[in-house]
Amino acid sequence: MKPIYLDHHATTPMDSRVFDAMLPFFMEKFGNASSKTHLYGREAEEAVEESRVRIAVLLNADPREIIFTSGATESDNLAVKGVAEFCKARGRHVVTARTEHRAVLDSCRFLEETGFQVTYLPVDSAGLVDPNEVQKAITDQTVLVSLMFANHEIGTIQDILSIGRIAKERGVFFHCDATQGVGKEPIDVETLGIDLLSLSAHKIYGPKGVGALYVRRKNPRVRLAPIFHGGGHERTLRSGTLNVPAIVGLGKACEIARAEMDTERGRLRNLRDRLLDHIQASLEGVRVNGHPWQRLTGNLNLSFAGIQGAKLLSALSPDLAVSSGAACTSAVPEPSYVLKAIGVPIDLALATLRIGLGRFSTEDEIWRAGEKIVDVAKGLRSKRWPAQVDRAQCATPLRRGPSRQN
Ligand SMILES: *Cc1c(COP(=O)(O)O)cnc(C)c1O
């Protein structure tokens, strides 16, 4: 049997309804969406425009504000570098945070090489950026604030409303990488004051290699420079023949996510709470990373005190597909930069599991996953446990928030 898939922050399986919607656009309806002189082109164009509407409806945007890209990495690059390039005569400063996705952080690093200054704001122990810090970081040189909606490791949801308001007051564009939040949490670009927003289809049960960037057209009109030059597609912001089947899939994925968001959030919250209860009822010294309630309902990020991290994941991997709290890029295990930024001690960070529940996760799977995690953790716990560990570090249960119910 294949391992139970609990890594939905990395990617999601495609929904069969998305697949069905895409199918005709591979062979029968193969037209180029720019070929407006014949039926083939027009039926492709119509499908692309329908997708644009579906994405816009999900975000409360205008369809003309949606630019199709190859995914959130490209959307982040286009937003960060595109705004910086266009606005560089006005100022050369960008504000972001240490826990952003690599696509934003590495784009910012690139800007630094071209003479920009970047402020990487710290986060608190829950992973939140303090909006007052955003306020203080903005100078008369600042052209962009780029902060994510929800974190890809610990699930923390930022105070986007306050950050959007500050950016607007200060006349600075606000880019939000909402790849993990789109389709899972209500996101309204108008009420939240978001000027640019990145999203990706494969995180919401759509195909890989397609995404979008929302670019505000008025109040204020966002100006940015393209990265790709060519035929002038997508309001000249992203040249290149559109990937019609993928775009159709993205639109369908957004439509389904919107229709099912409320019930799915509740269902995932329930499953997640059960999984956590199961684990914490049988094991001491399990720390929940991230915010106690301002978080994605499908996310559980757990550190296991008194366990060697490398052993934990290898013991689980035949049965569970989960991600670790270690950076997989190096030979020597290093804790992830997100866990470092929220101050998780190194040993604990290395013994961390990122569990991502999703649309097709069942009660039975979650129960089996809980059993497996408890079994493996008990077996690996060092003899010196619990003497070696400060138990207070682990006393962070999930709580229901005053306003949010995540
Ligand atoms: C997955 C992810 C990305 C990258 O998206 P791709 O479509 O895979 O390029 C960017 N930001 C966040 C927060 C993500 O989770």
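Counting starts at 1 for both ligands and their atoms, in listed order.
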task: Would you mind listing which atoms of ligand 1 come within a distance below 4.0 Å of any non-hydrogen atom of Met148?
output: 13 (C)
message: Could you tell me, atom by atom, which parts of ligand 1 come under 4.0 Å of a heavy atom of His202?
response: 6 (P), 7 (O), 8 (O)
- prompt: Which ligand 1 atoms, with their elements, are less than 4.0 angstrom from a heavy-atom of Ser200?
  reply: 6 (P), 7 (O)
- prompt: Can you tell me which residue and heavy atom of the protein come closest to atom 12 (C) of ligand 1, and the distance to 0.1 Å?
  reply: His101 CD2, 3.3 Å
- prompt: Hey, is CD on Gln117 packed in by over 12 heavy atoms from elsewhere, all under 6.0 Å?
  reply: no
message: On a heavy-atom basis, I'd like to know which of Asp76, Thr73, Thr179 is closest to atom 4 (C) of ligand 1.
response: Thr73
- request: Could you tell me which atoms of ligand 1, counted from 1 in the order shown, lie closer than 4.0 angstrom to a heavy atom of Gly71?
  value: 7 (O)
task: Quickly, which of Ile154, Val338, Asn289, Asn301 forms a side chain to side chain contact (heavy atoms under 4.5 Å, CB included) with Val344? Name it, please.
output: Asn289
- request: Identify whether NZ of Lys or CZ of Arg in Lys81 sits under 6.0 Å from the centre of the six-membered ring of Phe110 and within 45° of that ring's axis.
  value: yes
query: Phe304 and side chain to side chain contact (heavy atoms under 4.5 Å, CB included): which partner among Leu353, Leu348, Val376?
result: Leu353
statement: When distances are taken from atom 11 (N) of ligand 1, the protein heavy atom at minimum range is Asp177 OD2, 2.7 Å
- request: Would you check if the distance from the ring center of His152 to the ring center of His101 is below 6.0 Å?
  value: yes
query: Under 30°, 30 to 60°, or over 60°: which ring-plane class applies to Tyr205 and His8, parallel, tilted or perpendicular?
result: tilted
task: Quick one: do Tyr40 and Phe30 satisfy ring pair (Phe, Tyr, Trp, His ring centres under 6.0 Å)? Show the steps, please.
output: CA-CA 7 Å; Tyr40 299 89; Phe30 61 84; 5.3 Å; yes
- request: Before signing off on this row, confirm whether Glu74 and ligand 1 have an N or O atom pair separated by under 3.5 Å.
  value: no
- prompt: Is the NZ or CZ atom of Arg102 positioned over Tyr337's six-membered ring, under 6.0 angstrom from the centre and within 45° of the axis?
  reply: yes
- prompt: Looking at atom 5 (O) of ligand 1, what's its closest protein heavy atom, distance included?
  reply: Ala72 CB, 3.2 Å
- prompt: Among protein heavy atoms, which lies nearest atom 14 (C) of ligand 1, and at what distance?
  reply: Lys203 NZ, 3.0 Å
task: Would you mind running through ligand 1 and noting each atom that sits below 4.0 Å from a heavy atom of His152?
output: 15 (O)
